[in-house]
2 protein chains.
Amino acid sequence: MPLKIRKNKSPQPPEACPLTECMSIIGGAWTVNVIWSLRAGPRRFSELRLDIPPVSPKVLTTRLRELEARGVVRRDVKPTSPPSVEYELTELGAELVPAIEAIVDVGHKLKQQA
Amino acid sequence: MPLKIRKNKSPQPPEACPLTECMSIIGGAWTVNVIWSLRAGPRRFSELRLDIPPVSPKVLTTRLRELEARGVVRRDVKPTSPPSVEYELTELGAELVPAIEAIVDVGHKLKQQA
DNA sequence: CAGCATCCATGACGATACTG
DNA sequence: CAGTATCGTCATGGATGCTG
């Protein structure tokens, strides 16, 4: 099951809510899974698919494009045949990893005491 | 505009994906905004509505109930008239704040260099 | 004040098939 | 291999109105 942060469609302009806007970085389905898979180093498109079996190529592409546009991941096309594309976290993207880890950590604690 | 982490509706059982499951703590629309509003101390239902104008009472209730069930927030009913209910972060819930801050921080940096 | 009950609309996601 | 193209669906949230 994917995990996505849905954007609030309030009548107010989005700029009015920097918190929401920043959090939307990780808001797409499978986004955190992608970041998670990339935390140990570069991965290719098909490797990511293996890491996250339920994600469809369409959605994976969408997420990768978003993250690339945001500056979270870097896309590296090797001009080989067959084509090969590597994705890796940027420096800033890597900073998201500990934050996600922290949330997951709290999640585990919550489960244990629940 | 709300911000929600959408659950992956994969065919696999959710337990198969602890990452996704943990992240879903902050997955509801306006969830992070609620945690954010509570970070400085207890707030009442109507105060939260003022902090997050676009949220409807229905959704706010839903989020608070979820967070309460998860152990992230504590609900405190004062037996007064008119009724008054305070919400506050639990100790574990408070641990989410720095993690969210970290993500927001990265978000800002990404915007600046973009 | 602090909710709950309804109804409805939206759009993100899932599945499938095809291509340079 | 690494995507793109289509299409359908359903979960999730918005709006409104009512109540203890």
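Proteins come first, then strands; the chains are lettered A, B, ... in the order of their sequence lines, and each starts at number 1.
Here the P atom of nucleotide C:dC4 and the CZ atom of B:Arg49 are 13 Å apart, to the nearest Å. Atoms CD (A:Glu66) and C1' (C:dC13) sit 12 Å apart, rounded to a whole Å. Atom pair B:Glu47:CD and C:dC1:C1' shows a separation of 12 Å (rounding to whole Å applied). Whole-Å rounding puts the A:Ile52 CD1 to C:dG14 C1' distance at 15 Å. Atom P of nucleotide C:dC1 and atom CG of B:Leu48 are separated by 14 Å, given to the nearest angstrom. Whole-Å rounding puts the A:Leu64 CG to D:dA2 C1' distance at 11 Å. Separating the NZ atom of B:Lys58 from the P atom of D:dT16 is a distance of 13 Å, rounded to the nearest angstrom.
Taking 4.0 angstrom as the limit, A:Arg44 places none of its side-chain polar atoms (N or O) nearer than this to OP1 or OP2 of D:dC1. Regarding contacts with the backbone of C:dC1, every side-chain N or O of B:Ser46 stays at 4.0 angstrom or more from both OP1 and OP2. Put simply, A:Arg63 has a side-chain N or O that comes within less than 4.0 Å of OP1 or OP2 on C:dC13. Under 4.0 angstrom from either OP1 or OP2 of D:dT12 there lies no side-chain N or O belonging to B:Trp30. Taking side-chain N and O atoms only, A:Arg65 has a distance below 4.0 Å to OP1 or OP2 of D:dT4.
Taking the side chain as every heavy atom from C-beta outward, B:Ile52 and B:Ser37 approach each other to under 4.5 Å. Under the 4.5 Å side-chain criterion, counting only non-hydrogen atoms from C-beta, B:Lys78 is in contact with B:Glu86. Inter-residue side-chain proximity for A:Leu60 and A:Trp30 is flagged as unmet; no heavy-atom pair is nearer than 4.5 Å.
Applying a 4.0 Å cut-off to non-hydrogen atoms, the residues of residues 72-88 of chain B that approach DNA chain C are B:Arg75, B:Pro82, B:Pro83, B:Ser84, B:Val85, B:Tyr87, listed by residue number.
At a threshold of 4.0 angstrom between heavy atoms, the contacts of A:Thr61 include nucleobase atoms, whether or not backbone atoms are also involved.
A residue-by-residue look at A:Val55 and B:Phe45 shows that B:Phe45 has its nearest nucleotide of DNA chain C further toward the 5' end.
Checked by atom type, the side-chain pair A:Arg70/A:Ser24 shows a donor-acceptor distance below 3.5 Å. Under 3.5 Å, the side chains of B:Arg75 and B:Tyr87 contain a donor-acceptor pair of N or O atoms.
Here B:Gln113 contributes atom CD and A:Thr90 contributes atom OG1; the two are 7.0 Å apart, rounded to the nearest 0.5 Å. One finds the OG1 atom of A:Thr61 at 6.0 Å from the CZ atom of A:Arg65 (value rounded to the nearest 0.5 Å).
Connection of A:Leu64 to A:Val77 is established within a shared hydrophobic cluster, with ILVMFWY side chains joined at heavy-atom distances below 4.5 Å, either directly or through further cluster members.
Note on the helix from C:dC1-D:dG20 to C:dG20-D:dC1: terminal axis deviation equals 60°, with five pairs used at each end and the result rounded to 10°.
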Quick one: side chains of residues 91-110 of chain B, donor-acceptor pairs under 3.5 Å with protein atoms, not counting sequence neighbours, listed by atom name and distance.
residue, atom, partner, partner atom, Å
B:Glu95, OE1, A:Lys109, NZ, 3.0
B:Lys109, NZ, A:Glu95, OE1, 3.0

